[in-house]
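Reading through the structure tokens given below for one structure.
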Amino acid sequence: HLPCIWVSPKEKNTFIPMEVCDIVAGQRCMRKLTDNETRNMIRATAKKPPIRKQGTDEQVRKMQYPADPYLKQFGFEVDTSMVQIKGKVIQPPKLGYSNNQSVQAQGGVWDNRGKQFFRATNVKNWAMLMFPPQNQCQSQDVKAFCDVMIKVGRDNGMQISQPCYVKYLRENEIQSVCEEIKAKAGGNPIDLVYCILPRNSSSCYPKIKHVFENQNAISTQCMEMRNLKPPKPQTIGNILQKINTKIGGVNNIAADMIQIPIFSKPCIVMGADNAHPAQGEGSRPSISALVGSMDKFACRYATQIGIQKTDGKKVHSPVIESMGAMAKNMLIKFYQSVRTKPQRIIMYRDGISEGQFYHVMMYEVDAIKKACAELEKGYAPAITYVVCQKRHHTRLFVQNPRDGDRSGNVPAGTVVDQGVTSTTDFDFYLNSHQGIQGTNKPAKYHVLVDENKFPADMIYKLTYHLCHVYARCTRSVSIPAPTYYAHLATDRARAHLTNAKYSGCFDSSDGASSVGTGGGRPRQGMGPTVEDILKDISPSEITKNKMYWI
């Protein structure tokens, strides 16, 4: 009476009744973890640096390498103590705010209290939508929240009016309410739609983003109901950092960064990522994103989205196949924004492993050069192409606990470029953020192409300073902001795909077996083209010029 299980290989169409099957305990989970599972996993595995170092040393001692007869036969000797290397700490930048105010970052954090956003925006026409029932999300609590947000916004330099439209609604009313909001605005542009969501509303969020952002070019901000009452100025201040960035503002700049000689000529900083379907998402397409700076401070970014179908393959192409077209559009947007052509292109690329470096670099750098040549004959800006990696097993520990930060990690700004790096290639480790819990994982950078011939220290400094312009918080982050933004853009595109009209054309299973009609291939007779999918999930040109994914 239950559905049958479709057993791999799926080409043989082998089905087994579920009633006669048993699940073997202790198997590795091959699907994407839920948010709660991920949270619990991090709590269980996060260990302070001294504890992690002690555990690692203990495991090495248990291996008894000096007594291993096989190692002795081959003449191998293993040092059982960790290698000691020298590092250096880069001076953090000053963060610039409005009215020539600035604050010095210390250890990867800074305090923006008493400062106004570098470029604050105004929120005049906006709507407040409440998805929880009215008995859980009461109108007086919503009014109190809006009043505090207006006050906190004023402290940050933003002028926020009372919402022009307030309504309780259900998930199936999103489309109709969008039309009502536009009618209420009377033809005036809608600055923001603020949505209060029930806890764990996984289906509501992507629908909101798809309807308002993709279909109507309206910025949105979602918040769980648990943050509504009582309204906390600190929480609202963090939310306003996102809102100000989404609708065209700049929270702060790294004032020292523009003094780096790299910016002596017009320069565009790009970030790129290629996100493949997760385990269990079957034949969904890979989604790539390219973001590029649109101002001299490298704080405002535009976005280009690309799609490449997988056809159920388990090995996905690491190359961004549409890099040429996306880079060409990005260079055009840069010229439209700053009225000059960039003479330098700096690319921070995420999402590739060392075995893929040469192939990806050759394809994508060549695509960028061809895009430049298509724009103007003889136009050939110098390119610096840097790969950013977080999937490695290297950890850095301070030799003297007094040299660490308050969590025991190496201080923010620590660079290691010897001892554990390549003797032939240009690579380095940079720990750019302060530890909060557990042991920090430094990002590893590989400079694959450097036509600009920048000194190593200049690239270290630029990379570290870019970690301070991430718009969501007053902390430096673990990878440069453009790389982080490209990752956020691919995540948002995946959310759009969930509610796109072609989302039902892809199988949801990619594992060894599935229930019912799963599988790793596009469903017969329903496979859309890449162009169809891209048109369906790409935001409008207006939205592409905004940092809508922040």
Side-chain angles (χ1 to χ4, degrees), residues 88-121 155-158 237-238 240-242 244-246 248-271 291-302 334 337-340 342-344 346 348 384 386 411-415 430-434 443 452 454-485 547 550:
K88 51 188 173 183
V89 180
I90 305 173
Q91 179 68 21
K94 286 185 178 179
L95 286 310
Y97 286 86
S98 179
N99 301 320
N100 294 321
Q101 292 182 306
S102 64
V103 58
Q104 181 70 50
Q106 295 289 344
V109 297
W110 64 94
D111 190 350
N112 67 346
R113 284 178 294 183
K115 311 291 190 299
Q116 293 188 342
F117 293 143
F118 180 79
R119 187 186 303 138
T121 55
D155 295 339
N156 284 283
M158 299 179 68
N238 292 338
L240 287 177
Q241 288 191 100
K242 298 179 66 176
N244 185 58
T245 305
K246 285 180 180 181
V250 175
N251 297 340
N252 60 263
I253 62 171
D256 300 338
M257 186 170 67
I258 58 175
Q259 305 301 326
I260 301 176
I262 289 175
F263 292 95
S264 61
K265 297 179 180 179
C267 174
I268 182 171
V269 182
M270 295 182 179
V291 301
S293 60
M294 294 290 119
D295 61 2
K296 66 178 182 179
F297 304 111
C299 289
R300 294 292 311 163
Y301 288 82
F334 182 89
S337 178
V338 301
R339 308 310 303 173
T340 187
Q343 298 181 36
R344 289 172 173 159
I346 301 175
Y348 284 92
T384 297
V386 185
T414 300
V415 172
L430 170 62
N431 179 74
S432 56
H433 61 297
Q434 184 188 75
N452 291 288
F454 295 137
D457 286 342
M458 194 181 296
I459 291 183
Y460 302 161
K461 188 175 182 180
L462 171 67
T463 303
Y464 185 44
H465 285 200
L466 283 171
C467 295
H468 287 76
V469 295
Y470 184 61
R472 280 186 172 182
C473 56
T474 55
R475 286 178 169 270
S476 60
V477 289
S478 59
I479 54 178
T483 313
Y484 220 133
Y485 291 158
M547 297 169 67
I550 199 70

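These numbers come from a predicted model, not from an experiment.
Residues passing the side-chain hydrogen bond (donor to acceptor under 3.5 Å, both in side chains) test with Tyr470, sequence neighbours excluded: none. For Lys461, the side-chain hydrogen bond (donor to acceptor under 3.5 Å, both in side chains) test picks out no residue, with sequence neighbours left out. Listed by chain and residue number, Asn251 satisfy the side-chain hydrogen bond (donor to acceptor under 3.5 Å, both in side chains) test with Thr245 (two or more places apart in sequence, or in another chain). The side chain to side chain contact (heavy atoms under 4.5 Å, CB included) test applied to Asp155 returns Lys151, not counting sequence neighbours. Under the side-chain hydrogen bond (donor to acceptor under 3.5 Å, both in side chains) criterion, Asn452 pairs with Arg344, Thr384, not counting sequence neighbours. Partners of Pro261 according to the side chain to side chain contact (heavy atoms under 4.5 Å, CB included) rule, which considers only residues two or more places apart in sequence or in another chain, are Met458. In this view, Phe263 satisfies the ring pair (Phe, Tyr, Trp, His ring centres under 6.0 Å) rule with no residue, not counting sequence neighbours. With sequence neighbours left out, the side chain to side chain contact (heavy atoms under 4.5 Å, CB included) criterion links Ala302 to Met294, Met330, Lys333, Asn545.
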Pair Tyr348-Leu466, side chain to side chain contact (heavy atoms under 4.5 Å, CB included): steps then yes or no: CA-CA 11 Å; Tyr348 284 92; Leu466 283 171; 3.6 Å; yes

Given Tyr301 and Ile550, is the side chain to side chain contact (heavy atoms under 4.5 Å, CB included) satisfied, shown in steps? CA-CA 11 Å; Tyr301 288 82; Ile550 199 70; over 6 Å; no

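Although no hydrogens or angles enter the test, the distance criterion places no donor-acceptor pair under 3.5 Å between the side chain of Asn112 and the main chain of Gly114.
For the atom pair CG (Asp256) and OH (Tyr464), the distance works out to 11.5 Å, reported to the nearest 0.5 Å. One distance of note links CZ of Arg472 with CD of Gln241; it measures 11.0 Å at 0.5 Å rounding. Atoms CD1 and CD1, from Ile346 and Ile262 in turn, are 4.5 Å apart once rounded to the nearest 0.5 Å. Note that the CZ atom of Phe334 and the OG atom of Ser337 stand 7.5 Å from one another [nearest 0.5 Å]. Distance check: His465 NE2 to Met257 CE gives 8.5 Å after rounding to the nearest 0.5 Å. Atom CG of Leu240 sits about 5.5 Å away from atom CE of Met158, to the nearest 0.5 Å.
A 4.5 Å side-chain heavy-atom check between Val469 and Tyr485 finds every atom pair outside the cut-off.
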Sequence neighbours excluded and cut-off under 3.5 Å, please list the side-chain donor-acceptor pairs for residues 91-102, or say none.
{"residue": "Tyr97", "atom": "OH", "partner": "Trp110", "partner atom": "NE1", "Å": "2.9"}

Distance-only criterion, 3.5 Å: show the donor-acceptor pairs between side-chain atoms of residues 475-484 and protein atoms not counting sequence neighbours.
{"residue": "Arg475", "atom": "NH1", "partner": "Gln434", "partner atom": "OE1", "Å": "3.3"}
{"residue": "Ser476", "atom": "OG", "partner": "Gly108", "partner atom": "O", "Å": "3.4"}
{"residue": "Ser476", "atom": "OG", "partner": "Ser432", "partner atom": "O", "Å": "2.6"}

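Identified under the salt bridge (Lys or Arg N to Asp or Glu O under 4.0 Å) test for residues 95-119, with sequence neighbours left out: Asp111-Arg113. Within the structure, the salt bridge (Lys or Arg N to Asp or Glu O under 4.0 Å) test picks out no pair touching residues 291-302 (sequence neighbours left out).
Smallest separation of non-hydrogen atoms from Gly249 and Thr121: N-CG2, 3.3 Å. Here the shortest heavy-atom pairing between Asn252 and His468 reads ND2-O, 3.6 Å. Counting all heavy atoms, side chain and backbone alike, Val250 lies closest to Cys299 at CG1-CB, 3.9 Å. When every heavy atom of Ala298 is checked against every heavy atom of Val269, the shortest pair comes out as CB-CG2, 4.3 Å.
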